[in-house]
Amino acid sequence: MKLIIDDAHIDQIKEIYEFYPVDGVTTNPTILAKSGRKPYDVLKEIRAFIGKEAELHVQVVAKDAAGMVEDAHRILEELGKNTYVKIPSVPEGFKAMKMLSKEGVNLTATAIYTPMQAFLAAKAGASYAAPYINRIDNMGYDGVAIAQHIHDIFRKNNLNAEVLAASFKNSQQMLDLAEYGVGAATASPDVIFALVKNEAITSAINVFISDFEKLVGVGKTMKDC
Ligand code: E4P
């Protein structure tokens with residue numbers, strides 16, 4: 001399962017890249033709005049940092065298929081042909097996906113709450129389908145189970161698409177999907193920083209260090225003895 005950052009703050013992206021094995025960045029219009037900066041300024045900065053080959057997912061904003069296709073062309077022009085264009089999984093979106101997939105554009109179907117949306121998006125040519133795990137949970141359904149159903153539907157129908165699970169609020173949701181082997185998960189910096197935040201881990205490491213220092217001296221490590 002790929003691990004992707006769902007954010008547009010370059011400092012946080014850099015910090016996560018320094019410490020974690022991540023595979024790219026996803027954004028949406030709300031995330032861009034939170035940056036408070038011009039969209040393409042932020043996105044170009046992210047692209048320059050993660051590199052030309054890394055996955056960057058950028059969403060169209062137009063409401064109709066023709067406008068979505070125009071948004072997609074501008075996104076690719078500004079950010080490179082391998083950028084994944086995120087398209088909402090509604091009828092106008094499916095129409096745009098069919099048009100753009102014929103051009104070979106990488107597509108991520110987004111705003112997915114039901115397996116049927118994902119099925120139709122994959123048939124329309126999307127490479128990824130992004131179910132919103134936590135938002136689905138908040139509606140009283142099971143977001144992880146819906147993502148698993150989508151994964152199975154893709155496999156059983158030989159569809160060339162993967163789940164890109166989104167909207168996480170905790171690491172258990174992410175772990176359940178890693179165990180199932182879905183294609184990717186994208187999470188906010190807060191969720192990523194909390195993945196291994198655990199008093200037991202910190203305490204175990206501190207005991208190792210203090211025991212060793214008792215043996216060889218404070219501040220000394222394996223290179224000093
Ligand atoms: C993914 O495509 C969405 O843009 C995003 O992950 C939604 O996350 P949220 O529910 O935390 O806003």
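Whatever order the structure lists ligands and atoms in, that order sets their numbers, starting from 1. What you see is a predicted model; the values in this text were computed from it and never measured.
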| message | Checking the side chain of Thr108 only, and the main-chain atoms of Val85 only, is there a donor and an acceptor separated by less than 3.5 Å? | response | no
| query | Are Asn134 and ligand 1 in contact, using a heavy-atom cut-off of under 4.0 Å? | reply | no
| message | Looking only at protein heavy atoms, which one is nearest to atom 5 (C) of ligand 1, and what is the separation? | response | Asp6 OD2, 3.2 Å
| query | With a cut-off of 4.0 Å, which atoms of ligand 1 are near a heavy atom of Lys169? | reply | 11 (O)
| query | Quick one: does Asp7's side chain have a donor or acceptor within less than 3.5 Å of a partner on Pro189's backbone? | reply | no
| field | For Glu162, side-chain hydrogen bond (donor to acceptor under 3.5 Å, both in side chains) partners two or more places apart | value | Arg155
| query | Just how far is it from atom OG1 of Thr26 to atom CG of Asp6, taken to the nearest 0.5 Å? | reply | 3.5 Å
| field | Lys86, portion touching ligand 1 at heavy-atom distance under 4.0 Å | value | side chain
| said: Under a plain distance cut-off of 3.5 Å, with no hydrogens placed, do Tyr132 and Thr110 share a side-chain donor-acceptor pair? | reply: yes
| Of all the atoms in ligand 1, which lie at a distance below 4.0 Å from a heavy atom belonging to Tyr132? | 1 (C), 2 (O), 3 (C), 4 (O)
| field | Side-chain donor-acceptor contact under 3.5 Å, Asp152 with Gln148 | value | no
| query | N/O of Arg135 under 3.5 Å from N/O of ligand 1, yes or no? | reply | yes
| query | Is Thr110 near ligand 1, meaning one of its heavy atoms is under 4.0 Å from it? | reply | yes
| Any heavy atom of His57 sitting closer than 4.0 Å to ligand 1? | no
| task | Pull out every atom of ligand 1 sitting under 4.0 Å from any heavy atom of Asn28, numbered as shown with elements. | result | 3 (C), 4 (O), 5 (C)
| said: With salt bridge (charged side-chain N to carboxylate O under 4.0 Å, His left out) as the rule and sequence neighbours excluded, what pairs involving residues 48-65 come up? | reply: Lys2-Glu55
